[in-house]
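Report on the structure given below.
Both counts, for ligands and for their atoms, begin at 1 and track the order of listing.
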Amino acid sequence: MSHAITCPGCGCQVAPAGAFPTWCDRCEWGLVETAEPAPGFFARRFESRSARMVEAMYEDVVRSPARRTGWNAARIASYALALVVHAGTLSLVLLALWLVFAVPNVLTVALAAVALLMAFAVRPRFGGLRRAPGARYRADAPALFALLDRIAAEVGAKPVHAVIPDGTFNAGYAAVGVRRRRVLLLGLPLWEALSPMQKVAVLGHEFGHGVNGDSRHGLVVGTSLTTLERLRELFHPGPRDPRTIYIIHVLLRLVLTSLYGVLSAVLIVQSLLSLRANQRAEYYADALAARLAGPADVAGAFDVQTTTRDTYRFTVQRLTVGARTTDFWNEWHRALAALPESERERRRRVAARRKLRVDSSHPPTHLRIAVMQTLPAAEPALILTPAEEARIRAELDPDYTRIARRLRETATDRVYY
Ligand SMILES: [Zn+2]
Ligand SMILES: [Zn+2]
């Protein structure tokens, strides 16, 4: 072992952590902090405003247990704004039809075409399964779907129609298509890092979104946000085309910049309106997960996500330099086992420092863990046995192989192209 070094911050002795950054757990010297300032005026405003909201929401949840998100002023306002956005898209189509039928000539037909193209570009998107490779259905994975059905029944959510295993460090629950079928996105690297009851905790949280009526994931508000984003992209002021006359460029840029600004402002208002509902919904999903798996395993699952996300990133990056024979799953298990407690603690503290920066989809993890710690210890409502876990692992074996190959291919592509 290498020798201890003297901490430049407080003068105490610090043991070097081998391949990991050396840091001091007393004065937090060496704790890598990456607080890049927000880019623009609006973004800075948005960040500080939402950070205050996040804190207030946490205090609120600790004081009174998370409830189902009901109808409140913010929610109604976000729905109203979404309906205005969708009405805008619809009126583009109506305008095009009116132009063609009421005053048909070359100019109006051209204008109608532009209006239709715009409406098509910003149309609400419902998502679909067609472009999801490797979706697994009920008959493919009976043990997995049996577990998912038990969880859905326990939480009170609709059963899922398909599971999409992928190579991310993530899990998600979505309603896709106009029929709003339920789909579970299952990042197998995350799945593999969790204990059986932590797996139940993560699934409980995801299914919890199915009973929330979460406004952002919802049909109306969610689609309006993507429409606004795409519309804003249409007006993104690009660099000057050298063929245009300077004054025209300046005027065009002025128009585009103001439209872009207005749309940014609307997008921020809509995001802030749904942020409150979203954060509430996340805590509510956590509460459902706690009832299902017990608060300790929910907190444990969050901790795994906080402490091993970087390890996942490094493991994927290392695939580029590894020998041709290295298997992602072997590497992943080895890296998880080799992660020292001091490095886990360093990552926890780095994550906690990010508390004022807003993760738009979830409240900061350390706050969610803190809420779990305020709950009384409880017996889980559902048990996943190691035998069931092994059956699920066997069912997903082709996906494990496919994902290992895919991760290696994308890693190699990044190096050579
Ligand atoms: Zn120190
Ligand atoms: Zn969530």
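Both the sub-6.0 Å distance and the 45° axial angle are not jointly satisfied by Arg313 relative to the ring of Phe169. Relative to the six-membered ring of Phe120, Arg123 meets both conditions, a distance below 6.0 Å and an angle of at most 45° to the axis.
The side-chain heavy atoms of Pro363 and Tyr58, taken from C-beta on, include no pair separated by under 4.5 Å.
Taking the charged nitrogens against the carboxylate oxygens, Glu345 and Arg348 do have a contact shorter than 4.0 Å, which makes a salt bridge.
Nearest to the Zn ion (ligand 2), among the N, O or S atoms that Glu282 has, is OE1.
Metal site remark for the Zn ion (ligand 2): Glu206 contributes no N, O or S atom at a distance under 2.8 Å.
For the pair SG of Cys27 and SG of Cys24, the angle whose vertex sits at the Zn ion (ligand 1) is 110° to 10 degrees. At the Zn ion (ligand 1), the angle from SG in Cys7 to SG in Cys10 is 110° when rounded to 10°.
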